[in-house]
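All remarks here apply to the structure that follows.
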Amino acid sequence: MTLPLFADEAGALPQISKGRRIEGRVSALLDARGDGFPSDRCQSLTVTFEGIEGDFHAGATRKSGGREPWYPRGTVIRNERQVSIVAEDELAIAARTMGIDRIEPGWIGANMVIEGIPLLTMLPPRTQLFFEGGVTLRVDGENNPCRFAGDEIARNFPDRDPTDLALSFVSAAKRRRGIVAWVEKPGTIESGEAVTVRIWEQWIYPAG
């Protein structure tokens, strides 16, 4: 019998972390109904299989950009970035690192603020978010911070050099800028709803 390349001599697999559930709460909802990605607070979000109704990032598909260098820019691909989710505690750390007093979720186009989930941005891909009202979102992964979001932050601090402040967001918000998710089960999410985060079992794939 040939063992997998990543098994040791006894055929043991790498350490596997068991799946688990964490309880959190939706502390704020936002949508972007203008021509750009900055978002405004709202009481509820209606989501379909195409994302948030009327939102800047809605759609079953999207065009590739700088985040997908393996495609020619503008290639139509599946939209896995339908919902942007952040945590206030992570944004507060990023703000302190940048030397500013706050980063408002709407400045960086967030659609949802969730509290009670430690290290929200580190939630692994495939994680499911089950909302009290029946909606389910599936996490795609980290929402990498970019210069465009930094520009929006800089507009709110006219006393600071806009270029330096915008660029500082990229490093300050790394692994703190939140996650992106897509709609697995549609419905309506209300501000204040409880949310159950289901984290599947995890392992590090060691072959290579």
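What you are looking at is a predicted structure, and each value in this text was computed from that prediction instead of being measured.
A pairwise comparison of heavy atoms in K185 and G134 identifies NZ-O, 2.7 Å as the closest pair. For the pair S39 and G109, the tightest heavy-atom approach, listed with the atom from each and the gap, is OG-C, 3.5 Å. Between S64 and P72, the closest heavy-atom pair is OG-O, 3.0 Å.
A salt bridge links E184 with R138: the closest approach of a Lys/Arg side-chain nitrogen to an acidic carboxylate oxygen falls below 4.0 angstrom. Remark: D164 does not engage R160 in a salt bridge, criterion side-chain N to carboxylate O under 4.0 Å. Ionic pairing of E104 and R102 is present here: one or more N-O contacts between side-chain nitrogen and carboxylate oxygen are shorter than 4.0 angstrom.
When each of I85, D140, V83 is paired with V180, the side-chain contact (heavy atoms from CB on, under 4.5 Å) condition holds for D140 and for no other.
Using a 3.5 Å distance cut-off with no hydrogens or angles, the side chains of R81 and N143 do pair a donor with an acceptor. T121 and E90 form a side-chain donor-acceptor contact under 3.5 Å, judged by distance and modelled atom types alone. At a cut-off of 3.5 Å, with distance as the only test, no side-chain donor of Q202 or S17 sits close to an acceptor on the other residue. Counted by atom type alone, E50 and Q82 present zero donor-acceptor pairs between their side chains at under 3.5 Å.
Taking V26 as the reference, L29, M112, F131, I189, E193 meet the side-chain contact (heavy atoms from CB on, under 4.5 Å) condition, with sequence neighbours excluded. Partners of T127 under the side-chain contact (heavy atoms from CB on, under 4.5 Å) rule, at least two apart in sequence or in another chain, are L123, P124, L129, V139, V197, I199. Every residue meeting the side-chain hydrogen bond (donor to acceptor under 3.5 Å, both in side chains) condition with R155, not counting sequence neighbours, appears here in chain and number order: E152. In this structure, the salt bridge (Lys or Arg N to Asp or Glu O under 4.0 Å) partners of D31, at least two apart in sequence or on a different chain, are R33. Partners of V113 according to the side-chain contact (heavy atoms from CB on, under 4.5 Å) rule, which considers only residues two or more places apart in sequence or in another chain, are S27, A28, L30, V86, E88, P105. Here A149 pairs with F37, I108, C146, F169, R177 under the side-chain contact (heavy atoms from CB on, under 4.5 Å) rule; sequence neighbours left out.
Linking Ile, Leu, Val, Met, Phe, Trp and Tyr whenever their side-chain heavy atoms come within less than 4.5 Å puts F157 and M98 in one cluster.
For the atom pair CG (L165) and CD1 (I153), the distance works out to 7.0 Å, reported to the nearest 0.5 Å.
Side chains of R62 and E68 form a contact here, defined as non-hydrogen atoms less than 4.5 Å apart.
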